[in-house]
Amino acid sequence: MPTTNAIEARGLVKTYDGKRALDHLDLDVARGAVCALLGPNGAGKTTAVRILTTLTAPDAGTALVAGADTASDPMAVRRSIGLAAQDATVDGLLTGHENLTMIGELHHLGRKRARARATELLEQFALTDAGGRLARGYSGGMRRRLDLAATLVAEPEVLFLDEPTTGLDPRARNDLWDVLDRLVEGGATILLTTQYLDEADRLADDIVVVDHGRIIARGDSRSLKRQVGGDQLHVVCADGRDLDAVTEMVARIAGVAPSVDPAGRSVTAPVEGGVEAIGALADALTEAEIAVEDLGLRQPTLDDAFLTLTGAPPDEEARAPVPASASEEQR
Amino acid sequence: MSAQAQTRPTFAGDTWVIARRGLRHMRRQPEALSDATIQPVMFVLLFAFVFGGAISVPGGGRYKEFLMGGIFAQTIVFGAFGVALALSHDRNNGAIDRFHSLPIARSSVLAGHAVANLIRALLPIVFMSITGFVVGWRIHAGVLDILAGYGLMIAFSFAMIWIGVLLGSLVATPEGVQGIAFIVIFPITFIASTFVPTSTLPSVLKTIAEWNPTSSLANALRHLFGNPGGIAPPGAAWPLAHPIAYTLIWAAAIVLVCAPLAVAQYQRSIRS
Ligand SMILES: Nc1ncnc2c1ncn2[C@@H]1O[C@H](COP(=O)(O)OP(=O)(O)OP(=O)(O)O)[C@@H](O)[C@H]1O
Ligand SMILES: [Mg+2]
């Protein structure tokens, strides 16, 4: 039965040395959608990507990618996907152009078309000048771009990008985001993983938060932020003696008791209408003639998200272990 | 919107694409290239001129002519090492994952490495032949024997590739591969008739050397090229008396045993 989803995973389980990397993960990504798997180190993001790209088999569960079953028809899956692994796997001893040509040839485009496609992609990724140089001389950002270009050689239906912007400087990161935007406009389905909420927010229609191999939250960025707690009004007093007065003002505007950090002279509270709240607070501060060092809206960080969603900090040691009994059961 | 494949996928075609990549790697790694070119040439020159006068060949004959069979054999046995290194590099830097996400038979990755390394194995053989000739090595044999000699070298190189694949799949890191090469392969090539006749070795080493396939390969080449050391004295151990047969048995055994093991181990090494 044809499906409208580009990715459909059901009950994926993967255990490494008795440790659950994936614990009954279900995932649907509609055609043309961008889905972000968001999670801390060791959450199981890479494991999920490896299973969906046929690099490894799950212990239990099934996955359809571009309509093909990863277990029974991996070749069909591989024909329809592009993978940019977590560590850019460009071949340092080949030039940028040779890297892309080789991938094209292995996608059976034929050498001539593979070459033409390589030239085209180098231009698209602003690598034309570097295309004749060995890739080991590329900067981290150039490697990432080449890696991404390599995933696009055969114009795949579904793209898997495992932490595509890790290790990039802010500008390179923005450039990459722009490239991904254009791909999405072109109709590609993208599953990307990231450790950054802002990145998931910027790129994805659908954010899936994973931890311990399980989905702990999902939704678009707005609904997720609502679960996480939305914007935080954050003010740092210039003088610690104003702290009580400011706390009272913030409490009135936010309608909840703020959290106060006396050492940092800061007051923080979740607010609904962020911009109006900040305006109201600024007016109140001006009227009371209280000087502040910093006043603004803070986006929830990944830490905030995990505190809220898991009730525990994203720290390996602090986390409750997965019950061992669960690892035996099969779906 | 998937781009249609333009050519029919074939195992040979994919293998050749990956083999070409391997050959490019060799060209662009000065260390690897010198292993295959400068090093064997230096060995020929060093042994010919440094030890040439000190070592006497049983039954007479010139040491330079005795030496060549041994140095060919050693270089060919070392050939295992190149594939092992290439494979473990690929396993460690994610290249294998990249290939396995592409619509190609996974075995073509292994086959590509094997083909590239077989071609690479020919390089030092050519270089050493030329150097040997320049320093005075001569072949005293007919065309058929010469062809058989070079054919035997290629056959044994092919066998060694499977040992290399096994090594590259068993050992997790390139450093580990290098360690094993030094601790295992290096002594194997020396406790043999590579540089000295086995008759000069103390008794235990002598027995090991007599049954060491490096010796039989060296002796088989000496025999086929009509060089000293190629004819075993009466009463010699069976491998010395039948070096060609013994070498071929080893080559076949290595392929029959190591190739399936290597493929299985390679698949295990990439599964997780
Ligand atoms: N090949 C493997 N062998 C053993 N354990 C593994 C293997 N791959 C993953 N794991 C374990 O599975 C868990 C999930 O790992 P995974 O790489 O999927 O996490 P991740 O979300 O991608 O993390 P990161 O953000 O660090 O990349 C981790 O505890 C990891 O140690
Ligand atoms: Mg990962």
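Below, each value reflects all heavy atoms present in this structure, side chains not excepted, and no hydrogens, waters or symmetry copies. Naming: A, B, ... by sequence-line order, numbering from 1 per chain.
Within residues 99-107 of chain B, the residues that have a heavy atom under 4.5 Å from a heavy atom of chain A are B:F99, B:H100, B:S101, B:L102, B:P103, B:I104, B:A105, B:R106, listed by number.
For chain B, the option among A:L106, A:T89, A:T53 with the highest count of heavy-atom pairs below 4.5 Å is A:L106. For chain A, the option among B:R28, B:Q29, B:R24 with the highest count of heavy-atom pairs below 4.5 Å is B:R28.
For the side-chain contact (heavy atoms from CB on, under 4.5 Å) test with A:L100, the passing option among A:T95, A:L152, A:V90, A:L122 is A:L122; the others fail.
Neither the backbone nor the side chain of A:D87 has a heavy atom closer than 4.5 Å to any heavy atom of chain B. Of the atoms belonging to A:E98, it is side-chain heavy atoms, and not backbone ones, that fall under 4.5 Å from chain B. Contacts of B:R27 with chain A are absent, with no heavy-atom separation under 4.5 Å from either backbone or side chain. Contacts of B:D14 with chain A are made by both backbone and side-chain atoms, with heavy-atom separations under 4.5 Å. Neither the backbone nor the side chain of A:R117 comes within less than 4.5 Å of any heavy atom of chain B.
B:D90 and B:R21 are joined by a salt bridge, as a carboxylate oxygen and a charged side-chain nitrogen come within less than 4.0 angstrom of each other.
The side-chain heavy atoms of A:L64 and A:V77, taken from C-beta on, include no pair separated by under 4.5 Å. When side chains are defined from C-beta on, A:V34 does not count as touching A:D206, because their heavy atoms never get closer than 4.5 Å.
Atoms NE2 and CZ, from B:H113 and B:R120 in turn, are 13.0 Å apart once rounded to the nearest 0.5 Å.
Between the side chain of A:N99 and the main chain of A:D91, a donor-acceptor pair closer than 3.5 Å is present. Judged by distance alone, with hydrogens and angles left aside, the side-chain atoms of B:S108 form no donor-acceptor pair with the main-chain N or O of B:A111 at under 3.5 Å. Under a 3.5 Å cut-off, the side chain of A:K14 and the backbone N or O of A:A57 do form a donor-acceptor pair.
Ring planes of B:F43 and B:F47: tilted class, angle from 30 to 60°.
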